[in-house]
Amino acid sequence: MEEEHLRKEMVRYGALLYERGLAHGSAGNLSVRLGDGAILITPTNSSLGALSPERISKLSQDGSVLAGDLPSKESFFHIAVYEQRPAAKAIVHLHSTYSVALSCLCHQDKDNVLPPLTAYQVMRVGRLPLVPYFRPGDIRLADAVRRTASGHKAMLLANHGPVIAGASLAEAVHACEELEETAKVFFALGSRPVSLLRCEEVDELQAVFGS
């Protein structure tokens with residue numbers, strides 16, 4: 001029953017992301033971790049707007065295909081995140097426009113590429129490190145993601161897009177939406193003087209909400 005429910009939830013949230021313009025074509029992927037450690041992940045070359053529950057890939061913890069269609073070619077970095085974040089139950093990776101634009105900029109501080117603009121950004125996304133660029137499907141990306149995931153639930157793949165883990169698929173999706181909206185605000189502000197959240201305000205949010 002757990003697996004059936006999660007397959008349907010992946011279809012529902014995939015369609016939501018697609019309808020809101022946060023996914024296009026066959027870009028992006030979703031995964032959830034079952035209670036036994038197996039992973040459900042969207043299939044390769046599938047559209048998040050047209051998923052079928054029975055065709056979603058099921059993988060063992062080491063990435064072996066157990067059922068469904070062939071998995072996304074990026075399944076290896078989902079596995080890397082799960083290895084580092086035992087509490088994570090879902091991962092969302094998107095090519096959403098403003099987050100991708102942010103990933104293409106030159107950043108002086110690659111440990112946190114989005115300044116603390118809003119409380120909900122800090123609560124739902126937290127610090128946003130930039131992972132170095134690797135071509136899609138390059139297995140070396142797994143090591144880079146693994147190193148970053150140990151200390152961060154969200155990261156930005158350079159010239160690629162966001163990867164966010166959550167305690168549920170809903171939490172991970174909402175965090176991705178929050179990141180995209182904050183990235184829009186970042187670009188809308190441009191070079192204008194900005195009042196950022198102060199360090200003590202960020203610390204308070206992290207203490208209260210655990211981001």
Side-chain angles (χ1 to χ4, degrees), residues 9 13 16-17 20 22 28-33 39 77-132 141-211:
E9 192 172 55
Y13 276 109
L16 180 149
L17 291 167
R20 292 184 178 177
L22 297 174
N29 32 74
L30 313 176
S31 71
V32 297
R33 179 158 53 179
I39 297 165
F77 69 64
H78 287 250
I79 293 171
V81 173
Y82 286 127
E83 287 174 356
Q84 295 298 313
R85 304 194 69 82
K89 297 298 182 185
I91 296 168
V92 176
H93 166 55
L94 299 176
H95 297 179
S96 45
T97 304
Y98 288 89
S99 297
V100 172
L102 183 66
S103 81
C104 296
L105 295 178
C106 295
H107 298 277
Q108 289 187 336
D109 181 9
K110 292 182 172 58
D111 292 329
N112 189 20
V113 298
L114 191 58
L117 296 169
T118 73
Y120 283 92
Q121 168 203 350
V122 174
M123 291 158 53
R124 293 180 177 167
V125 180
R127 293 177 65 84
L128 187 68
L130 185 71
V131 177
L141 179 58
D143 288 334
V145 166
R146 189 176 289 108
R147 289 192 296 271
T148 305
S150 61
H152 303 274
K153 65 183 177 184
M155 64 190 78
L156 198 58
L157 309 183
N159 304 86
H160 191 160
V163 176
I164 300 185
S168 66
L169 186 56
E171 180 180 299
V173 166
H174 294 161
C176 274
E177 291 181 298
E178 192 68 41
L179 172 57
E180 182 69 3
E181 291 305 311
T182 308
K184 287 182 185 179
V185 171
F186 173 81
F187 284 106
L189 291 169
S191 60
R192 299 177 183 87
V194 176
S195 175
L196 300 177
L197 294 178
R198 301 191 304 272
C199 291
E200 58 268 28
E201 293 169 332
V202 171
D203 291 342
E204 180 186 21
L205 288 166
Q206 292 173 335
V208 173
F209 298 99
S211 179

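FYI, the numbering just counts along the sequence from 1.
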To the nearest 0.5 Å, what is the distance between [atom1] on [X] and [atom2] on [Y]?
| X | Y | atom1 | atom2 | result |
| --- | --- | --- | --- | --- |
| Met123 | His174 | CE | NE2 | 13.0 Å |
| Glu171 | Lys153 | CD | NZ | 6.0 Å |
| Glu83 | Arg146 | CD | CZ | 4.5 Å |
| Cys176 | Leu22 | SG | CG | 8.5 Å |

What pair of heavy atoms forms the shortest contact from [X] to [Y], and how long is it?
| X | Y | result |
| --- | --- | --- |
| Lys110 | His107 | NZ-O, 3.1 Å |
| His78 | Leu30 | CE1-C, 4.2 Å |
| Leu141 | Pro132 | CD1-O, 4.4 Å |
| Gln84 | Ser150 | OE1-CB, 3.4 Å |
| Ala172 | Ala165 | CB-C, 4.2 Å |
| Leu157 | Leu130 | C-CD1, 4.4 Å |

Under 3.5 Å, side chain of [X] to main-chain N/O of [Y], donor-acceptor pair present?
| X | Y | result |
| --- | --- | --- |
| Ser103 | Ala158 | no |
| Arg33 | Pro86 | yes |
| His152 | Thr148 | no |
| Arg85 | Ala149 | yes |

Practice problem: Run through Glu177, Lys184, Glu180 and flag the one making a side-chain hydrogen bond (donor to acceptor under 3.5 Å, both in side chains) with Ser96. | Solution: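 Result for side-chain hydrogen bond (donor to acceptor under 3.5 Å, both in side chains) with Ser96: Glu180.
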Indicate yes or no: at least one non-hydrogen side-chain atom of [X] is less than 4.5 angstrom from one of [Y].
| X | Y | result |
| --- | --- | --- |
| Val122 | Leu197 | yes |
| Ile91 | Ile164 | no |
| Leu179 | Leu114 | yes |
| Phe186 | Leu105 | yes |
| Ser168 | Lys89 | no |
| Val145 | Val163 | no |
| Phe187 | Leu102 | yes |

Quiz prompt | Candidate pair Gln121 and Leu128, rule side chain to side chain contact (heavy atoms under 4.5 Å, CB included), full reasoning | solution = CA-CA 10 Å; Gln121 168 203 350; Leu128 187 68; over 6 Å; no
Exercise. Determine, stepwise, if the pair Val113 / Leu156 fulfils side chain to side chain contact (heavy atoms under 4.5 Å, CB included).
Key: CA-CA 8 Å; Val113 298; Leu156 198 58; 3.9 Å; yes
Quiz item: Regarding His160 and His93, is there a side-chain donor-to-acceptor distance under 3.5 Å anywhere?
Solution: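 The criterion, which ignores hydrogens and geometry beyond distance, is satisfied for His93 and His160.
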Quiz prompt | Glu201, CD: over 12 other non-hydrogen atoms inside 6.0 angstrom | solution =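 Enclosed.
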Practice problem: Start with the C-alpha gap between Val32 and Ile39, add the side-chain angles, then the distance that decides, and say whether side chain to side chain contact (heavy atoms under 4.5 Å, CB included) holds. | Solution: CA-CA 6 Å; Val32 297; Ile39 297 165; over 6 Å; no
